[in-house]
Amino acid sequence: MSTAILTGQPVPGSSLEGDLRSLGFDVRLASDAGEAETLLAAVPADQRVAVVDARFVGHTHALRLGLTDPRFAASALPGAISVQPEARRALTRAVARESSASGGLAVATDHLAERLTAALDADGVAVHHPELGTLVAAVPSDPQERNEARQAVSAVDDEAVRLRSAVKARDGFFTTYCISPYSRYIARWCARRGLTPNQVTTASLLTALIAAGCAATGTRVGFVGAGLLLLFSFVLDCTDGQLARYSLQYSTLGAWLDATFDRAKEYAYYAGLALGAARGGDDVWALALGAMILQTCRHVVDFSFNEANHDATANTSPTAALSDKLDSVGWTVWVRRMIVLPIGERWAMIAVLTALTTPRITFYALLIGCAFAATYTTAGRVLRSLTRKARRTDRAATALADLADSGPLAEFLTRFTRGVLSRGPAYVAFVAGALVVLGAALAPYGSWWPVLGAVIYVLLSPVALARPLKGALDWLVPPFFRAAEYLTVLVLAAKADVNGALPAAFGLVAAVAYHHYDTVYRIRGNAGAPPHWLVRAIGGHEGRTLLVTVLAALLTAAQFKVALTVLAVAVALLVLIESIRFWVSSGAPAVHDEGEPA
(Lines give C-alpha, C1' and ligand atoms only; values in the text may rest on other atoms or scores of the structure.)
Protein backbone atom coordinates (compact mmCIF):
# COMPACT_ATOMS: atom_id res chain seq x y z
CA MET A 1 0.00 0.00 0.00
CA SER A 2 1.25 3.46 -0.92
CA THR A 3 0.45 6.53 1.16
CA ALA A 4 -0.71 9.94 -0.06
CA ILE A 5 -0.54 12.91 2.31
CA LEU A 6 -3.13 15.58 1.41
CA THR A 7 -1.92 18.99 2.53
CA GLY A 8 -4.20 21.92 3.30
CA GLN A 9 -7.93 22.09 3.83
CA PRO A 10 -10.02 19.59 1.79
CA VAL A 11 -12.15 21.25 -0.89
CA PRO A 12 -15.89 20.46 -0.72
CA GLY A 13 -17.04 18.38 -3.67
CA SER A 14 -13.50 17.41 -4.69
CA SER A 15 -13.01 13.88 -6.00
CA LEU A 16 -9.27 13.97 -5.25
CA GLU A 17 -9.36 11.68 -2.23
CA GLY A 18 -11.40 9.08 -4.10
CA ASP A 19 -9.10 9.30 -7.13
CA LEU A 20 -6.05 8.68 -4.95
CA ARG A 21 -7.70 5.71 -3.27
CA SER A 22 -8.58 4.25 -6.69
CA LEU A 23 -4.88 4.41 -7.53
CA GLY A 24 -3.99 2.36 -4.46
CA PHE A 25 -3.08 5.14 -2.02
CA ASP A 26 -3.97 5.20 1.65
CA VAL A 27 -4.92 8.87 2.08
CA ARG A 28 -3.91 10.89 5.18
CA LEU A 29 -4.72 14.56 5.86
CA ALA A 30 -2.18 17.16 7.03
CA SER A 31 -3.13 20.76 7.78
CA ASP A 32 0.45 22.05 7.99
CA ALA A 33 4.07 21.08 7.25
CA GLY A 34 4.64 19.87 10.82
CA GLU A 35 1.74 17.45 10.60
CA ALA A 36 2.95 16.33 7.16
CA GLU A 37 6.36 15.60 8.72
CA THR A 38 4.73 13.48 11.44
CA LEU A 39 2.63 11.53 8.93
CA LEU A 40 5.64 11.00 6.67
CA ALA A 41 7.67 9.56 9.54
CA ALA A 42 4.86 7.08 10.24
CA VAL A 43 4.94 5.63 6.71
CA PRO A 44 7.11 2.46 6.48
CA ALA A 45 10.43 3.13 4.77
CA ASP A 46 9.80 0.55 2.03
CA GLN A 47 6.60 2.19 0.77
CA ARG A 48 5.93 4.84 -1.84
CA VAL A 49 4.67 8.14 -0.44
CA ALA A 50 3.11 11.13 -2.18
CA VAL A 51 2.44 14.68 -1.03
CA VAL A 52 -0.55 16.22 -2.80
CA ASP A 53 -2.09 19.68 -2.55
CA ALA A 54 -5.73 19.27 -1.47
CA ARG A 55 -6.74 21.92 -4.03
CA PHE A 56 -5.49 19.79 -6.96
CA VAL A 57 -7.82 19.50 -9.95
CA GLY A 58 -7.00 17.15 -12.80
CA HIS A 59 -7.52 13.85 -14.55
CA THR A 60 -7.08 10.59 -12.71
CA HIS A 61 -4.65 9.43 -15.39
CA ALA A 62 -2.55 12.54 -14.81
CA LEU A 63 -2.25 11.49 -11.16
CA ARG A 64 -1.44 7.95 -12.27
CA LEU A 65 1.38 9.17 -14.52
CA GLY A 66 2.77 11.55 -11.93
CA LEU A 67 2.45 9.45 -8.78
CA THR A 68 2.58 5.72 -9.59
CA ASP A 69 5.18 5.14 -12.31
CA PRO A 70 7.59 2.57 -10.81
CA ARG A 71 10.48 3.45 -13.12
CA PHE A 72 11.38 6.69 -11.35
CA ALA A 73 12.63 7.31 -7.83
CA ALA A 74 10.78 10.64 -7.74
CA SER A 75 8.14 12.13 -10.02
CA ALA A 76 6.01 15.24 -9.84
CA LEU A 77 3.27 17.21 -11.54
CA PRO A 78 1.66 20.53 -10.55
CA GLY A 79 0.51 20.23 -6.95
CA ALA A 80 1.86 16.73 -6.29
CA ILE A 81 5.11 14.86 -5.76
CA SER A 82 5.69 11.13 -5.27
CA VAL A 83 8.84 9.31 -4.17
CA GLN A 84 9.90 5.69 -3.92
CA PRO A 85 11.98 4.36 -0.98
CA GLU A 86 15.30 5.35 -2.57
CA ALA A 87 14.27 9.03 -2.52
CA ARG A 88 12.50 9.00 0.86
CA ARG A 89 15.49 10.40 2.75
CA ALA A 90 15.65 13.46 0.50
CA LEU A 91 11.90 14.03 0.87
CA THR A 92 12.11 13.66 4.66
CA ARG A 93 14.86 16.31 4.79
CA ALA A 94 12.83 18.67 2.61
CA VAL A 95 9.67 18.27 4.71
CA ALA A 96 11.69 18.78 7.91
CA ARG A 97 13.08 22.04 6.54
CA GLU A 98 9.54 23.20 5.68
CA SER A 99 8.32 22.27 9.16
CA SER A 100 11.26 24.07 10.80
CA ALA A 101 10.67 27.17 8.71
CA SER A 102 7.06 27.31 9.90
CA GLY A 103 8.23 27.37 13.52
CA GLY A 104 5.85 24.57 14.44
CA LEU A 105 2.81 26.77 13.78
CA ALA A 106 -0.20 25.59 11.82
CA VAL A 107 0.46 27.78 8.83
CA ALA A 108 -0.98 27.43 5.34
CA THR A 109 0.55 24.76 3.14
CA ASP A 110 0.03 26.55 -0.15
CA HIS A 111 2.36 25.21 -2.85
CA LEU A 112 4.09 22.82 -0.44
CA ALA A 113 4.36 20.12 -3.12
CA GLU A 114 6.06 22.56 -5.51
CA ARG A 115 8.52 23.63 -2.83
CA LEU A 116 9.31 20.01 -2.04
CA THR A 117 9.89 19.30 -5.74
CA ALA A 118 12.31 22.24 -5.97
CA ALA A 119 14.07 21.04 -2.80
CA LEU A 120 14.57 17.53 -4.24
CA ASP A 121 15.92 19.01 -7.47
CA ALA A 122 18.36 21.13 -5.44
CA ASP A 123 19.32 18.03 -3.46
CA GLY A 124 20.43 16.26 -6.65
CA VAL A 125 17.43 13.91 -6.89
CA ALA A 126 16.27 13.41 -10.48
CA VAL A 127 12.56 14.27 -10.45
CA HIS A 128 10.58 12.95 -13.41
CA HIS A 129 7.95 15.26 -14.89
CA PRO A 130 5.62 13.21 -17.14
CA GLU A 131 4.38 14.56 -20.44
CA LEU A 132 0.68 15.19 -19.84
CA GLY A 133 -0.34 16.38 -23.30
CA THR A 134 -4.03 17.32 -23.15
CA LEU A 135 -4.46 15.97 -19.62
CA VAL A 136 -5.19 18.55 -16.93
CA ALA A 137 -3.20 18.91 -13.69
CA ALA A 138 -3.56 22.22 -11.89
CA VAL A 139 -3.82 23.85 -8.46
CA PRO A 140 -6.43 26.64 -8.76
CA SER A 141 -6.00 29.58 -6.41
CA ASP A 142 -9.63 30.80 -6.41
CA PRO A 143 -13.14 29.49 -7.21
CA GLN A 144 -13.12 30.90 -10.73
CA GLU A 145 -9.88 29.14 -11.63
CA ARG A 146 -11.23 25.95 -10.03
CA ASN A 147 -14.35 26.11 -12.16
CA GLU A 148 -12.28 26.67 -15.32
CA ALA A 149 -10.01 23.73 -14.42
CA ARG A 150 -13.00 21.46 -13.89
CA GLN A 151 -14.41 22.46 -17.26
CA ALA A 152 -11.06 21.67 -18.85
CA VAL A 153 -11.10 18.23 -17.20
CA SER A 154 -14.60 17.56 -18.53
CA ALA A 155 -13.55 18.59 -22.05
CA VAL A 156 -10.88 15.87 -22.30
CA ASP A 157 -11.58 12.13 -22.22
CA ASP A 158 -8.71 10.83 -20.11
CA GLU A 159 -9.55 7.19 -20.99
CA ALA A 160 -9.07 7.97 -24.68
CA VAL A 161 -5.77 9.65 -23.86
CA ARG A 162 -4.77 6.66 -21.77
CA LEU A 163 -5.50 4.29 -24.64
CA ARG A 164 -3.53 6.39 -27.11
CA SER A 165 -0.56 6.68 -24.78
CA ALA A 166 -0.52 2.90 -24.34
CA VAL A 167 0.84 2.63 -27.88
CA LYS A 168 4.51 3.25 -28.61
CA ALA A 169 5.13 6.75 -29.92
CA ARG A 170 7.39 5.31 -32.63
CA ASP A 171 6.74 1.95 -34.22
CA GLY A 172 6.71 0.15 -37.55
CA PHE A 173 4.03 0.55 -40.22
CA PHE A 174 2.52 -2.92 -39.77
CA THR A 175 2.38 -2.58 -36.00
CA THR A 176 0.96 0.95 -36.11
CA TYR A 177 -1.81 0.30 -38.65
CA CYS A 178 -2.51 -3.43 -38.46
CA ILE A 179 -2.01 -4.33 -34.79
CA SER A 180 -2.18 -1.34 -32.43
CA PRO A 181 -5.67 -0.12 -33.49
CA TYR A 182 -7.18 -3.15 -31.70
CA SER A 183 -4.41 -4.54 -29.48
CA ARG A 184 -4.74 -1.50 -27.18
CA TYR A 185 -8.29 -2.61 -26.42
CA ILE A 186 -7.04 -6.11 -25.64
CA ALA A 187 -4.58 -4.46 -23.25
CA ARG A 188 -7.44 -2.59 -21.53
CA TRP A 189 -9.44 -5.82 -21.33
CA CYS A 190 -6.48 -7.51 -19.65
CA ALA A 191 -6.01 -4.61 -17.23
CA ARG A 192 -9.65 -4.70 -16.13
CA ARG A 193 -9.34 -8.41 -15.38
CA GLY A 194 -6.20 -8.05 -13.33
CA LEU A 195 -3.82 -9.66 -15.82
CA THR A 196 -0.20 -8.52 -15.70
CA PRO A 197 2.15 -7.72 -18.59
CA ASN A 198 4.36 -10.65 -17.55
CA GLN A 199 1.44 -13.05 -17.95
CA VAL A 200 0.71 -11.70 -21.43
CA THR A 201 4.41 -11.90 -22.33
CA THR A 202 4.48 -15.54 -21.22
CA ALA A 203 1.32 -16.26 -23.24
CA SER A 204 3.01 -14.71 -26.29
CA LEU A 205 6.04 -16.98 -25.81
CA LEU A 206 3.89 -20.11 -25.41
CA THR A 207 1.90 -19.19 -28.53
CA ALA A 208 5.09 -18.75 -30.55
CA LEU A 209 6.46 -22.08 -29.28
CA ILE A 210 3.20 -23.80 -30.31
CA ALA A 211 3.58 -22.09 -33.70
CA ALA A 212 7.10 -23.50 -33.96
CA GLY A 213 5.73 -26.93 -33.08
CA CYS A 214 3.10 -26.62 -35.82
CA ALA A 215 5.80 -25.66 -38.33
CA ALA A 216 7.86 -28.65 -37.22
CA THR A 217 5.10 -31.03 -38.39
CA GLY A 218 6.09 -30.33 -41.98
CA THR A 219 2.47 -30.44 -43.20
CA ARG A 220 0.58 -27.72 -45.07
CA VAL A 221 -2.02 -27.56 -42.30
CA GLY A 222 0.79 -27.22 -39.78
CA PHE A 223 2.43 -24.42 -41.78
CA VAL A 224 -0.87 -22.50 -42.06
CA GLY A 225 -1.50 -22.92 -38.34
CA ALA A 226 2.07 -21.84 -37.59
CA GLY A 227 1.65 -18.64 -39.60
CA LEU A 228 -1.61 -17.74 -37.87
CA LEU A 229 -0.23 -18.48 -34.41
CA LEU A 230 2.91 -16.47 -35.10
CA LEU A 231 0.77 -13.45 -35.97
CA PHE A 232 -1.31 -13.95 -32.83
CA SER A 233 1.89 -14.22 -30.80
CA PHE A 234 2.92 -10.84 -32.21
CA VAL A 235 -0.44 -9.34 -31.25
CA LEU A 236 0.19 -10.51 -27.68
CA ASP A 237 3.75 -9.20 -27.92
CA CYS A 238 2.37 -5.73 -28.67
CA THR A 239 -0.32 -6.11 -26.02
CA ASP A 240 2.07 -6.75 -23.13
CA GLY A 241 3.89 -3.45 -23.65
CA GLN A 242 0.63 -1.59 -24.16
CA LEU A 243 -0.74 -3.12 -20.98
CA ALA A 244 2.39 -2.00 -19.10
CA ARG A 245 1.97 1.55 -20.39
CA TYR A 246 -1.82 1.57 -19.90
CA SER A 247 -1.64 0.52 -16.26
CA LEU A 248 1.98 1.60 -15.52
CA GLN A 249 2.85 -1.96 -14.53
CA TYR A 250 6.54 -1.67 -15.32
CA SER A 251 8.94 -4.12 -13.71
CA THR A 252 12.54 -5.19 -14.05
CA LEU A 253 11.55 -8.80 -14.62
CA GLY A 254 8.96 -7.76 -17.19
CA ALA A 255 11.46 -5.70 -19.15
CA TRP A 256 13.89 -8.62 -19.23
CA LEU A 257 11.20 -11.12 -20.24
CA ASP A 258 9.92 -8.87 -23.02
CA ALA A 259 13.40 -8.28 -24.41
CA THR A 260 14.64 -11.87 -24.32
CA PHE A 261 11.41 -13.65 -25.22
CA ASP A 262 11.22 -11.77 -28.54
CA ARG A 263 14.51 -13.34 -29.60
CA ALA A 264 13.59 -16.74 -28.15
CA LYS A 265 10.28 -16.75 -30.05
CA GLU A 266 11.80 -15.82 -33.39
CA TYR A 267 14.73 -18.20 -33.22
CA ALA A 268 12.61 -21.08 -31.92
CA TYR A 269 10.35 -20.51 -34.92
CA TYR A 270 13.35 -20.73 -37.24
CA ALA A 271 14.19 -24.09 -35.67
CA GLY A 272 10.59 -25.25 -36.11
CA LEU A 273 10.66 -24.34 -39.79
CA ALA A 274 13.92 -26.22 -40.25
CA LEU A 275 12.52 -29.31 -38.52
CA GLY A 276 9.40 -29.14 -40.67
CA ALA A 277 11.46 -28.87 -43.83
CA ALA A 278 13.56 -31.86 -42.74
CA ARG A 279 10.40 -33.93 -42.40
CA GLY A 280 9.72 -33.15 -46.05
CA GLY A 281 13.22 -34.12 -47.09
CA ASP A 282 14.64 -30.60 -47.42
CA ASP A 283 17.61 -29.66 -45.20
CA VAL A 284 17.46 -25.91 -44.51
CA TRP A 285 19.30 -25.83 -41.18
CA ALA A 286 22.13 -23.82 -42.75
CA LEU A 287 19.58 -21.23 -43.89
CA ALA A 288 17.95 -21.16 -40.45
CA LEU A 289 21.30 -20.67 -38.74
CA GLY A 290 22.28 -18.03 -41.32
CA ALA A 291 19.04 -16.14 -40.66
CA MET A 292 19.66 -16.19 -36.91
CA ILE A 293 23.25 -15.01 -37.39
CA LEU A 294 22.21 -12.19 -39.70
CA GLN A 295 19.43 -11.02 -37.39
CA THR A 296 21.66 -11.17 -34.31
CA CYS A 297 24.46 -9.25 -36.04
CA ARG A 298 21.93 -6.61 -37.11
CA HIS A 299 20.97 -6.14 -33.49
CA VAL A 300 24.60 -5.94 -32.41
CA VAL A 301 25.15 -3.20 -35.01
CA ASP A 302 22.15 -1.32 -33.58
CA PHE A 303 23.31 -1.70 -30.00
CA SER A 304 26.95 -0.82 -30.68
CA PHE A 305 26.12 2.26 -32.76
CA ASN A 306 23.65 3.55 -30.19
CA GLU A 307 26.00 2.94 -27.26
CA ALA A 308 28.85 4.68 -29.09
CA ASN A 309 26.83 7.78 -29.88
CA HIS A 310 23.98 8.29 -27.42
CA ASP A 311 26.06 10.42 -25.04
CA ALA A 312 28.64 11.74 -27.52
CA THR A 313 29.22 15.51 -27.47
CA ALA A 314 29.20 17.75 -30.56
CA ASN A 315 27.26 14.92 -32.17
CA THR A 316 26.36 16.54 -35.50
CA SER A 317 26.41 15.20 -39.04
CA PRO A 318 25.17 16.33 -42.49
CA THR A 319 23.88 12.80 -43.03
CA ALA A 320 21.85 13.00 -39.81
CA ALA A 321 20.51 16.39 -40.88
CA LEU A 322 19.38 14.89 -44.21
CA SER A 323 17.72 12.02 -42.36
CA ASP A 324 15.84 14.48 -40.15
CA LYS A 325 14.77 16.41 -43.24
CA LEU A 326 13.42 13.24 -44.85
CA ASP A 327 11.52 12.45 -41.66
CA SER A 328 9.66 15.72 -42.05
CA VAL A 329 8.05 14.32 -45.22
CA GLY A 330 5.28 12.00 -44.04
CA TRP A 331 5.45 9.14 -46.54
CA THR A 332 9.24 8.82 -46.39
CA VAL A 333 9.07 8.07 -42.67
CA TRP A 334 6.99 4.93 -43.23
CA VAL A 335 9.02 3.80 -46.24
CA ARG A 336 12.25 4.09 -44.29
CA ARG A 337 10.77 2.26 -41.32
CA MET A 338 9.47 -0.56 -43.50
CA ILE A 339 12.63 -1.21 -45.51
CA VAL A 340 14.64 -1.88 -42.36
CA LEU A 341 12.27 -4.83 -41.81
CA PRO A 342 11.41 -4.27 -38.12
CA ILE A 343 9.86 -7.01 -36.06
CA GLY A 344 6.28 -6.39 -37.19
CA GLU A 345 6.99 -6.44 -40.91
CA ARG A 346 9.45 -9.29 -40.48
CA TRP A 347 7.09 -11.54 -38.57
CA ALA A 348 4.20 -10.74 -40.93
CA MET A 349 6.36 -11.72 -43.90
CA ILE A 350 7.49 -14.94 -42.18
CA ALA A 351 3.92 -15.86 -41.23
CA VAL A 352 2.48 -15.29 -44.71
CA LEU A 353 5.32 -17.11 -46.49
CA THR A 354 5.12 -20.02 -44.04
CA ALA A 355 1.43 -20.46 -44.76
CA LEU A 356 1.67 -20.09 -48.53
CA THR A 357 5.10 -21.39 -49.54
CA THR A 358 7.89 -23.64 -48.22
CA PRO A 359 10.43 -23.16 -45.43
CA ARG A 360 13.22 -22.80 -47.99
CA ILE A 361 11.44 -19.95 -49.76
CA THR A 362 10.63 -18.36 -46.40
CA PHE A 363 14.30 -18.40 -45.37
CA TYR A 364 15.47 -17.12 -48.75
CA ALA A 365 13.08 -14.17 -48.52
CA LEU A 366 14.08 -13.55 -44.91
CA LEU A 367 17.79 -13.61 -45.70
CA ILE A 368 17.42 -11.31 -48.72
CA GLY A 369 15.18 -8.87 -46.85
CA CYS A 370 17.36 -8.77 -43.74
CA ALA A 371 20.55 -8.49 -45.82
CA PHE A 372 19.13 -5.48 -47.65
CA ALA A 373 17.95 -3.92 -44.40
CA ALA A 374 21.33 -4.52 -42.77
CA THR A 375 23.16 -2.99 -45.73
CA TYR A 376 20.89 0.05 -45.74
CA THR A 377 21.11 0.77 -42.01
CA THR A 378 24.80 -0.01 -41.64
CA ALA A 379 25.77 2.10 -44.66
CA GLY A 380 23.79 5.01 -43.27
CA ARG A 381 25.45 4.69 -39.89
CA VAL A 382 28.90 4.45 -41.41
CA LEU A 383 28.22 7.65 -43.37
CA ARG A 384 26.98 9.37 -40.23
CA SER A 385 30.05 8.26 -38.32
CA LEU A 386 32.46 9.46 -40.99
CA THR A 387 30.78 12.84 -41.45
CA ARG A 388 29.86 13.73 -37.88
CA LYS A 389 32.10 15.58 -35.49
CA ALA A 390 31.64 13.77 -32.21
CA ARG A 391 33.71 13.27 -29.07
CA ARG A 392 32.83 9.93 -27.56
CA THR A 393 32.94 9.38 -23.83
CA ASP A 394 34.79 6.89 -21.66
CA ARG A 395 31.44 5.27 -20.89
CA ALA A 396 30.88 4.58 -24.58
CA ALA A 397 34.37 3.11 -24.96
CA THR A 398 33.80 0.86 -21.95
CA ALA A 399 30.44 -0.30 -23.31
CA LEU A 400 31.98 -1.22 -26.66
CA ALA A 401 34.79 -3.09 -24.95
CA ASP A 402 32.23 -5.02 -22.90
CA LEU A 403 30.20 -5.78 -26.02
CA ALA A 404 33.36 -7.19 -27.62
CA ASP A 405 33.14 -10.08 -25.11
CA SER A 406 36.87 -10.78 -24.92
CA GLY A 407 37.89 -13.80 -22.87
CA PRO A 408 40.99 -15.00 -20.99
CA LEU A 409 43.17 -15.46 -24.09
CA ALA A 410 42.64 -11.87 -25.21
CA GLU A 411 43.06 -10.71 -21.63
CA PHE A 412 46.42 -12.46 -21.40
CA LEU A 413 47.62 -11.13 -24.75
CA THR A 414 46.52 -7.59 -23.94
CA ARG A 415 49.60 -7.12 -21.76
CA PHE A 416 51.74 -7.55 -24.87
CA THR A 417 49.67 -5.15 -27.01
CA ARG A 418 49.51 -2.20 -24.62
CA GLY A 419 52.21 -0.42 -26.51
CA VAL A 420 50.59 -1.14 -29.88
CA LEU A 421 48.78 1.84 -31.37
CA SER A 422 45.88 0.43 -33.34
CA ARG A 423 44.89 3.19 -35.76
CA GLY A 424 41.90 1.27 -37.07
CA PRO A 425 40.37 -1.15 -34.56
CA ALA A 426 37.42 -1.84 -36.87
CA TYR A 427 39.76 -2.75 -39.75
CA VAL A 428 41.81 -5.03 -37.48
CA ALA A 429 38.64 -6.77 -36.25
CA PHE A 430 37.39 -7.16 -39.83
CA VAL A 431 40.66 -8.63 -41.10
CA ALA A 432 40.93 -10.98 -38.13
CA GLY A 433 37.37 -12.19 -38.61
CA ALA A 434 37.73 -12.56 -42.37
CA LEU A 435 40.84 -14.71 -41.96
CA VAL A 436 39.23 -17.22 -39.62
CA VAL A 437 36.00 -17.46 -41.65
CA LEU A 438 37.84 -17.82 -44.97
CA GLY A 439 40.15 -20.41 -43.45
CA ALA A 440 37.15 -22.47 -42.39
CA ALA A 441 35.36 -21.98 -45.72
CA LEU A 442 38.24 -22.76 -48.10
CA ALA A 443 39.78 -25.74 -46.31
CA PRO A 444 38.26 -29.23 -46.22
CA TYR A 445 36.80 -30.54 -42.99
CA GLY A 446 39.50 -31.82 -40.64
CA SER A 447 42.14 -29.42 -41.96
CA TRP A 448 44.35 -27.43 -39.60
CA TRP A 449 44.14 -24.29 -41.78
CA PRO A 450 41.06 -23.05 -39.90
CA VAL A 451 43.02 -23.48 -36.66
CA LEU A 452 45.80 -21.30 -38.07
CA GLY A 453 43.18 -18.69 -39.01
CA ALA A 454 41.75 -18.89 -35.50
CA VAL A 455 45.20 -18.45 -33.95
CA ILE A 456 45.72 -15.29 -36.02
CA TYR A 457 42.24 -14.19 -34.96
CA VAL A 458 43.15 -14.69 -31.30
CA LEU A 459 46.41 -12.74 -31.74
CA LEU A 460 44.75 -9.82 -33.55
CA SER A 461 41.68 -9.56 -31.31
CA PRO A 462 43.45 -7.77 -28.43
CA VAL A 463 45.18 -5.47 -30.94
CA ALA A 464 41.74 -4.13 -31.92
CA LEU A 465 41.22 -3.24 -28.26
CA ALA A 466 44.70 -1.82 -27.65
CA ARG A 467 43.26 1.66 -27.15
CA PRO A 468 39.85 2.97 -26.04
CA LEU A 469 37.21 2.52 -28.74
CA LYS A 470 36.45 6.19 -29.38
CA GLY A 471 37.12 6.34 -33.12
CA ALA A 472 34.53 7.10 -35.76
CA LEU A 473 34.02 3.47 -36.78
CA ASP A 474 35.07 1.68 -33.60
CA TRP A 475 31.46 0.70 -32.94
CA LEU A 476 31.91 -1.89 -35.72
CA VAL A 477 34.37 -3.93 -33.62
CA PRO A 478 31.73 -5.91 -31.65
CA PRO A 479 29.63 -6.74 -34.77
CA PHE A 480 32.74 -7.95 -36.62
CA PHE A 481 33.66 -10.20 -33.69
CA ARG A 482 30.10 -11.56 -33.52
CA ALA A 483 29.99 -12.30 -37.25
CA ALA A 484 33.39 -14.00 -37.17
CA GLU A 485 32.49 -16.34 -34.31
CA TYR A 486 29.01 -17.23 -35.54
CA LEU A 487 30.02 -17.73 -39.19
CA THR A 488 32.97 -19.93 -38.21
CA VAL A 489 30.62 -22.24 -36.33
CA LEU A 490 28.19 -22.29 -39.26
CA VAL A 491 30.84 -23.03 -41.88
CA LEU A 492 32.56 -25.79 -39.90
CA ALA A 493 29.24 -27.48 -39.09
CA ALA A 494 28.25 -27.34 -42.76
CA LYS A 495 31.65 -28.72 -43.77
CA ALA A 496 31.22 -31.65 -41.38
CA ASP A 497 28.33 -32.76 -43.62
CA VAL A 498 26.87 -35.08 -41.01
CA ASN A 499 23.27 -35.30 -39.89
CA GLY A 500 22.76 -33.23 -36.73
CA ALA A 501 25.86 -31.03 -36.97
CA LEU A 502 23.99 -27.93 -38.14
CA PRO A 503 21.22 -28.25 -35.52
CA ALA A 504 23.96 -28.57 -32.87
CA ALA A 505 25.65 -25.47 -34.29
CA PHE A 506 22.27 -23.69 -34.21
CA GLY A 507 21.99 -24.49 -30.50
CA LEU A 508 25.52 -23.28 -29.77
CA VAL A 509 25.05 -19.97 -31.61
CA ALA A 510 21.68 -19.48 -29.90
CA ALA A 511 23.27 -19.95 -26.47
CA VAL A 512 26.12 -17.55 -27.21
CA ALA A 513 23.74 -15.03 -28.79
CA TYR A 514 21.65 -15.08 -25.62
CA HIS A 515 24.77 -14.18 -23.64
CA HIS A 516 25.41 -11.26 -25.98
CA TYR A 517 21.82 -10.00 -25.73
CA ASP A 518 22.05 -10.29 -21.96
CA THR A 519 25.21 -8.17 -22.03
CA VAL A 520 23.41 -5.50 -24.04
CA TYR A 521 20.47 -5.17 -21.67
CA ARG A 522 22.72 -5.01 -18.63
CA ILE A 523 24.70 -2.20 -20.25
CA ARG A 524 21.49 -0.38 -21.19
CA GLY A 525 20.48 -0.50 -17.55
CA ASN A 526 23.84 0.94 -16.43
CA ALA A 527 24.57 -2.32 -14.59
CA GLY A 528 27.77 -3.03 -16.52
CA ALA A 529 28.74 -6.23 -18.30
CA PRO A 530 28.08 -9.74 -16.95
CA PRO A 531 30.48 -10.85 -14.19
CA HIS A 532 34.07 -11.44 -15.21
CA TRP A 533 33.99 -15.06 -14.08
CA LEU A 534 31.18 -15.83 -16.55
CA VAL A 535 33.01 -14.30 -19.52
CA ARG A 536 36.13 -16.28 -18.58
CA ALA A 537 34.18 -19.50 -17.99
CA ILE A 538 32.62 -19.49 -21.47
CA GLY A 539 35.93 -18.52 -23.08
CA GLY A 540 35.20 -15.18 -24.70
CA HIS A 541 34.62 -14.87 -28.43
CA GLU A 542 38.24 -15.66 -29.32
CA GLY A 543 38.47 -18.68 -27.02
CA ARG A 544 35.25 -20.23 -28.32
CA THR A 545 36.28 -19.65 -31.93
CA LEU A 546 39.67 -21.29 -31.40
CA LEU A 547 38.09 -24.20 -29.52
CA VAL A 548 35.58 -24.94 -32.29
CA THR A 549 38.29 -24.94 -34.99
CA VAL A 550 40.52 -27.26 -32.90
CA LEU A 551 37.61 -29.64 -32.31
CA ALA A 552 36.87 -29.71 -36.04
CA ALA A 553 40.51 -30.54 -36.78
CA LEU A 554 40.84 -33.27 -34.10
CA LEU A 555 37.46 -35.02 -34.24
CA THR A 556 35.55 -36.96 -36.84
CA ALA A 557 32.40 -35.34 -38.19
CA ALA A 558 30.18 -37.44 -35.92
CA GLN A 559 32.31 -36.65 -32.88
CA PHE A 560 32.32 -32.96 -33.82
CA LYS A 561 28.52 -32.96 -33.78
CA VAL A 562 28.54 -34.39 -30.24
CA ALA A 563 31.18 -31.87 -29.14
CA LEU A 564 29.10 -28.95 -30.47
CA THR A 565 26.05 -30.27 -28.62
CA VAL A 566 27.94 -30.59 -25.33
CA LEU A 567 29.43 -27.12 -25.76
CA ALA A 568 26.00 -25.64 -26.54
CA VAL A 569 24.46 -27.19 -23.42
CA ALA A 570 27.36 -26.07 -21.20
CA VAL A 571 27.26 -22.47 -22.44
CA ALA A 572 23.46 -22.33 -22.23
CA LEU A 573 23.40 -23.58 -18.64
CA LEU A 574 26.05 -21.14 -17.48
CA VAL A 575 24.62 -18.03 -19.12
CA LEU A 576 20.99 -18.83 -18.29
CA ILE A 577 21.63 -19.54 -14.61
CA GLU A 578 23.65 -16.36 -14.15
CA SER A 579 21.25 -14.27 -16.24
CA ILE A 580 18.17 -15.44 -14.30
CA ARG A 581 19.98 -14.90 -11.00
CA PHE A 582 20.83 -11.33 -11.98
CA TRP A 583 17.51 -10.26 -13.49
CA VAL A 584 15.40 -11.47 -10.58
CA SER A 585 17.71 -9.83 -8.04
CA SER A 586 16.94 -6.50 -6.40
CA GLY A 587 19.91 -4.86 -8.11
CA ALA A 588 18.71 -5.49 -11.64
CA PRO A 589 17.90 -2.38 -13.70
CA ALA A 590 14.50 -1.66 -15.20
CA VAL A 591 15.11 -1.48 -18.95
CA HIS A 592 12.13 -0.52 -21.09
CA ASP A 593 12.71 -0.32 -24.78
CA GLU A 594 10.58 2.46 -26.25
CA GLY A 595 12.93 3.27 -29.10
CA GLU A 596 13.80 1.53 -32.34
CA PRO A 597 11.55 -1.38 -33.30
CA ALA A 598 13.57 -4.60 -33.07
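When a residue number appears, it is its place in the shown sequence, counting from 1.
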Listed partners of [X] passing side chain to side chain donor-acceptor pair (under 3.5 Å), at least two apart:
X	value
T488	none
K470	D394
N499	none
Y514	W256, S579

Problem - Listed partners of F261 passing ring pair (Phe, Tyr, Trp, His ring centres under 6.0 Å), at least two apart - result: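 Expected list: none.
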Taking only distance into account, with no hydrogens and no angle test, what donor-acceptor pairs under 3.5 Å do side-chain atoms of residues 501-508 form with protein atoms, sequence neighbours excluded?
none

Exercise for the section: Return each pair, listed once, that meets side-chain hydrogen bond (donor to acceptor under 3.5 Å, both in side chains) where at least one residue sits in residues 500-510; pairs must be two or more places apart or across chains. Expected result: none
Handout entry: Note: E578-R522 ion pair, threshold 4.0 Å (strictly below)
Key = yes
Could you give all pairs that pass the ring-ring contact (aromatic ring centres under 6.0 Å, His included) test and reach [range], with sequence neighbours left out?
range	answer
residues 360-415	Y270-F363, F412-F416
residues 381-405	none
residues 550-577	Y445-F560

Exercise for the section: Name all pairs fulfilling the salt bridge (charged side-chain N to carboxylate O under 4.0 Å, His left out) condition that reach into residues 543-572, sequence neighbours left out, sorted by first residue then second. Expected result: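 Every pair satisfying salt bridge (charged side-chain N to carboxylate O under 4.0 Å, His left out) with a residue in residues 543-572: D405-R544, E485-R544.
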Exercise for the section: Scan for salt bridge (charged side-chain N to carboxylate O under 4.0 Å, His left out) pairs involving residues 274-293, sequence neighbours excluded, and state none if there are none. Expected result: D282-R360
Handout entry: Ring center gap for Y457 and H541 short of 6.0 angstrom
Key =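 Distance test on ring centres: under 6.0 Å, yes.
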Exercise for the section: Examine R337 relative to F173 and say whether NZ or CZ is less than 6.0 Å from the centre of the six-membered ring and inside a 45° cone about the ring axis. Expected result: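 Geometry flag: not set, cation outside 6.0 Å or 45°.
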